[in-house]
Protein chains: 2
Amino acid sequence: MRLSTKGRYGVLAMVELALQYGDGPVSIKEIAEKQNFSDSYMEQLFSTLKNAGLVKSLRGARGGYILARDPEEITVGEIIRALEGPIELAECIDGGGNMTCVKSPECVTRGLWKDISDSISNVIDNRSLQDLLGK
Amino acid sequence: MRLSTKGRYGVLAMVELALQYGDGPVSIKEIAEKQNFSDSYMEQLFSTLKNAGLVKSLRGARGGYILARDPEEITVGEIIRALEGPIELAECIDGGGNMTCVKSPECVTRGLWKDISDSISNVIDNRSLQDLLGK
DNA sequence: ATTAAATCCAGGTGGAATACTCGGAAATAA
DNA sequence: TTATTTCCGAGTATTCCACCTGGATTTAAT
């Protein structure tokens with residue numbers, strides 16, 4: 001059970017923006033070089049992060065990205081959810097599912113998946129970018 | 001972020017064995033029909049579960065599988081780990097990784113991934129098959 | 001003894017997802 | 001005007017998932 005590179009790269013990239021928060025925009029090229037990521041792939045992730053309202057962009061030469069809010073106001077949970085989608089271990093939890101789980105009410109594992117999801121959310125929604133830097 | 005069918009089907013299948021614990025072996029065919037799973041796929045999962053020591057098999061006609069231990073002695077964590085592998089959100093945690101994370105010591109996200117893994121483990125290692133049935 | 005029911009085992013397979021790449025268009029600072 | 005950057009849509013190689021196939025072996029029932 002592993003997070004995809006979207007989530008992992010994304011959090012690292014946002015940490016980079018947090019480190020330079022207040023110093024003007026940071027370019028994708030700079031972040032990609034520093035973290036040794038592919039910059040065309042980074043471009044995609046930042047497009048998603050921008051649509052999610054977590055970063056702002058400045059186009060043109062000497063442009064780049066800045067955090068949309070203070071580092072203590074952005075949680076890891078927001079970043080991960082933006083890039084990886086919602087934290088549902090199984091889809092039987094909220095009514096959107098169309099799998100075998102028609103017998104949702106009597107499903108003995110439903111509560112289990114929910115408890116796991118909740119415990120994950122509890123960690124990632126209570127940790128800000130500032131927390132990652134600070135501790 | 002979702003569990004694969006291995007983990008989901010596996011836990012459900014083990015619940016089925018727990019329900020009939022003490023009544024002799026249960027065949028794959030019976031479980032697959034009840035839960036509407038593919039039986040050839042189930043076969044694979046049970047092979048894994050057997051190698052992990054979670055079930056015992058009885059071959060031949062009227063054969064099938066039984067839990068290797070009492071339902072309260074088997075945790076969801078054992079089942080999920082057997083089928084899905086270890087719970088590591090990123091591989092930088094224990095020294096086995098060969099990814100970009102050469103800078104593991106100064107990596108600010110390492111602690112984060114570990115905290116998430118630990119919180120998942122805390123749920124799944126403390127819930128037995130009996131718990132799933134009982135509550 | 002024969003048959004039917006079951007596990008065992010090794011591999012194959014189609015489709016989806018992942019982790020990217022590519023080729024430009026548009027915006028902006030120098 | 002040029003270099004640098006974001007923006008955007010599409011393409012692509014590889015891997016993984018969720019199975020299937022075709023047997024061989026074991027055992028209970030007849």
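Lettering of chains follows the sequences in order, A, B, ..., and the numbering in each one begins at 1.
- Taking all atoms of both residues into account, the shortest heavy-atom contact from V123(B) to I116(A) is CG1-CG1, 3.8 Å.
- Per the geometry, CG belonging to L58(B) stands 18 Å off P belonging to dA5(C), to the nearest Å.
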Apply side-chain contact (heavy atoms from CB on, under 4.5 Å) to residues L17(B) and I66(B) and explain how you reach the verdict.
CA-CA 6 Å; L17(B) 289 193; I66(B) 56 174; 5.9 Å; no
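- In this structure, M42(B) places its CE atom 18 Å from P of dC9(C), rounding to the nearest Å.
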One character per nucleotide, please: for nucleotides 15-26 of chain C, 5' to 3', B when the base has a protein heavy atom closer than 4.0 Å, S when only the sugar-phosphate does, - otherwise.
----SBB----B
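- Nearest nucleotide to the S57(B) side chain, out of dT6(D), dT27(D), dC8(C): dC8(C).
- Using cut-offs of 30° and 60° on the angle between ring planes, the pair Y65(B) and F46(B) is parallel.
- Donor-acceptor pairing under 3.5 Å is lacking for the side chains of Q130(B) and E73(B).
- If you take CG of L45(B) and C1' of dT7(C), they are 15 Å apart, rounded to a whole angstrom.
- Nearest-nucleotide positions on DNA chain D for K50(A) and R62(A) put R62(A) closer to the 5' end.
- With F37(B) as the fixed residue, the side chain to side chain contact (heavy atoms under 4.5 Å, CB included) test singles out one of E33(B), K34(B), Q35(B): Q35(B).
- Here the P atom of nucleotide dT4(D) and the OH atom of Y65(A) are 18 Å apart, to the nearest Å.
- Taking atom CD1 of residue I66(A) and atom C1' of nucleotide dT5(D), one finds them 15 Å apart after rounding to whole Å.
- The nearest whole Å value for the distance from the CG atom in N51(A) to the P atom in dG9(D) is 10 Å.
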Please test S117(B) against E88(B) for side-chain hydrogen bond (donor to acceptor under 3.5 Å, both in side chains), starting from the C-alpha separation and ending with a verdict.
CA-CA 6 Å; S117(B) 302; E88(B) 332 175 283; over 6 Å; no
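- Atom NZ in K56(A) sits about 21 Å away from atom P in dT5(D), given to the nearest Å.
- At the heavy-atom level, F46(A) lies nowhere under 4.0 Å from the strands shown.
- For N126(A) and N122(A), the side-chain atoms include at least one donor-acceptor pair closer than 3.5 Å.
- In this structure, L83(B) atom CG and dC17(D) atom P are separated by 12 Å, rounded to whole Å.
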